[in-house]
J.: 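Below you'll find the structure I mean.
Along the sequence shown, residues are numbered consecutively beginning with 1.
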Amino acid sequence: MSEFNGAVESAKAAFPKWRDTPIPTRTRVMLKYQELIRDNMDSLAESVTAEQGKTLSDAKGDVFRGLEVVEAACGIAPFLMGEVLENVASGIDCKSVRQPLGVRGGRRGGLPTCVSKKQRKWLVFDDHMLTSLAHEPTASVGTGASHMPTWSRARAYHAACAAQSQVVGGICPFNFPAMVPLWMIPMAVTSGNTMVLKPSERDPGAAMMLADLAQQAGLPK
């Protein structure tokens, strides 16, 4: 338990600076990350084969399918933009801002806000969210409306937002020890979040190697 708490505290400490890191800088980290994964493809596949039992060719496919998500994360910038809709009601504009959830799984994630032109103050939606995506768009519009983000692309980023510790995390199964971590890490961190990843105890080697490569690429410890 102490190891888990240490990982959570490390994620919390790294979040403010990483959240404020410009998107192009975070993207360059992903570009370096995909380069390192390619350079270490054989070692990652050998780890999967040794621990999980797949053939070497199948293990390389496991790594490659995860690598494709890293490549996709390098082009994430257009998907992080918010939206502005004027005059959704008399004298009211609606502004949607997508922000990193970071290690804040409870309130104040990426939420829309409304500003009254007459009162000149922000009216914030009620926001108690558990979400599978780092910047999930919300569905409802209206002052004081309760809403819950949709659970789209759950396979790409399995997030566990604990209500008490408020941590964005990922829990991996044993059958795809490289691919599933790479479904989670790139989208989460390139969006500006920090996360805690729990690999399967049956075959954690590939996930540990990917975490080391991520730090070599420039992710904060």
Side-chain angles (χ1 to χ4, degrees), residues 6-41 43-44 63-84 95-105 107-113 129 131-138 149 152-153 156-161 166-170 172 178-199 206-221:
V8 172
E9 292 304 316
S10 177
K12 287 182 178 180
F15 175 64
K17 183 177 180 180
W18 182 246
R19 173 193 59 198
D20 294 336
T21 300
I23 293 176
T25 302
R26 301 198 302 255
T27 300
R28 283 192 289 272
V29 171
M30 281 299 105
L31 288 168
K32 181 63 176 178
Y33 193 33
Q34 64 91 20
E35 178 185 344
L36 290 171
I37 292 173
R38 288 184 182 277
D39 291 344
N40 292 272
M41 179 82 72
S43 298
L44 287 163
V63 179
F64 181 76
R65 286 188 290 272
L67 177 61
E68 291 178 319
V69 181
V70 182
E71 294 171 339
C74 294
I76 199 173
F79 299 100
L80 302 184
M81 294 188 297
E83 298 175 342
V84 176
K95 179 181 179 181
S96 174
V97 180
R98 296 187 176 185
Q99 299 176 338
L101 294 176
V103 291
R104 303 166 184 263
R107 292 183 174 272
R108 299 191 67 80
L111 53 132
T113 53
M129 62 171 62
T131 179
S132 66
L133 190 60
H135 290 74
E136 188 70 34
T138 52
S152 63
R153 284 186 278 180
Y157 179 50
H158 296 270
C161 297
Q166 295 188 334
V167 170
V168 173
C172 305
M179 181 176 70
V180 173
L182 288 174
W183 277 353
M184 303 179 191
I185 297 171
M187 295 300 179
V189 299
T190 314
S191 299
N193 302 283
T194 56
M195 68 176 297
V196 175
L197 184 78
K198 193 273 178 189
M208 298 298 291
M209 293 174 66
L210 290 169
D212 180 64
L213 294 176
Q215 290 188 352
Q216 292 182 40
L219 286 182
K221 295 184 179 180

J.: Mind listing the closest non-hydrogen atom pair of A178 and V63 along with its distance?
T.: CB-CG2, 3.9 Å

J.: Please check if the side chain of R98 supplies one atom and the backbone of G82 the other of a donor-acceptor pair under 3.5 Å.
T.: no

J.: Which value, rounded to the nearest 0.5 Å, describes the distance between D39 atom CG and L44 atom CG?
T.: 10.5 Å

J.: Would you please name every residue forming a side chain to side chain contact (heavy atoms under 4.5 Å, CB included) with C74, sequence neighbours left out?
T.: T27, M30, L31

J.: Can you see which heavy atom on A77 is nearest to which on I23, and at what distance?
T.: CB-CG2, 3.9 Å

J.: Determine the minimum heavy-atom distance between C172 and L197, stating which atoms define it.
T.: SG-CD1, 3.6 Å

J.: Measure across M184 and G170 and return the closest heavy-atom pair with its distance rounded to 0.1 Å.
T.: SD-CA, 3.5 Å

J.: Please list all pairs passing the salt bridge (Lys or Arg N to Asp or Glu O under 4.0 Å) test where one or both residues lie in residues 65-77, with sequence neighbours left out.
T.: R38-E71

J.: Could you measure the distance from the CG atom of L182 to the OH atom of Y33? Nearest 0.5 Å is fine.
T.: 5.0 Å

J.: Quick one, V29 with W18, criterion side chain to side chain contact (heavy atoms under 4.5 Å, CB included). Give me CA distance, side-chain angles, the key distance, then yes/no.
T.: CA-CA 12 Å; V29 171; W18 182 246; 4.1 Å; yes

J.: Ignoring hydrogens, what is the shortest heavy-atom contact between F15 and N193? Give both atom names and the distance.
T.: CE1-CA, 4.2 Å

J.: When the side chains of residues 207-219 are checked against the rest of the protein, which donor-acceptor pairs come out under 3.5 Å, sequence neighbours left out?
T.:
from, atom 1, to, atom 2, distance (Å)
D212, OD2, Q216, NE2, 2.7

J.: If we ignore hydrogens and angles and just use 3.5 Å, is the side chain of R26 paired with the main-chain N or O of T21 as donor and acceptor?
T.: yes

J.: Under a 3.5 Å distance rule, please check whether S191 uses its side chain to pair with a backbone N or O of M187 as donor and acceptor.
T.: yes

J.: Just jot down the side chain to side chain donor-acceptor pair (under 3.5 Å) partners of K32, sequence neighbours excluded, or say none.
T.: none

J.: Do you know which two heavy atoms are closest between A188 and M195, and how far apart they sit?
T.: CB-SD, 3.7 Å

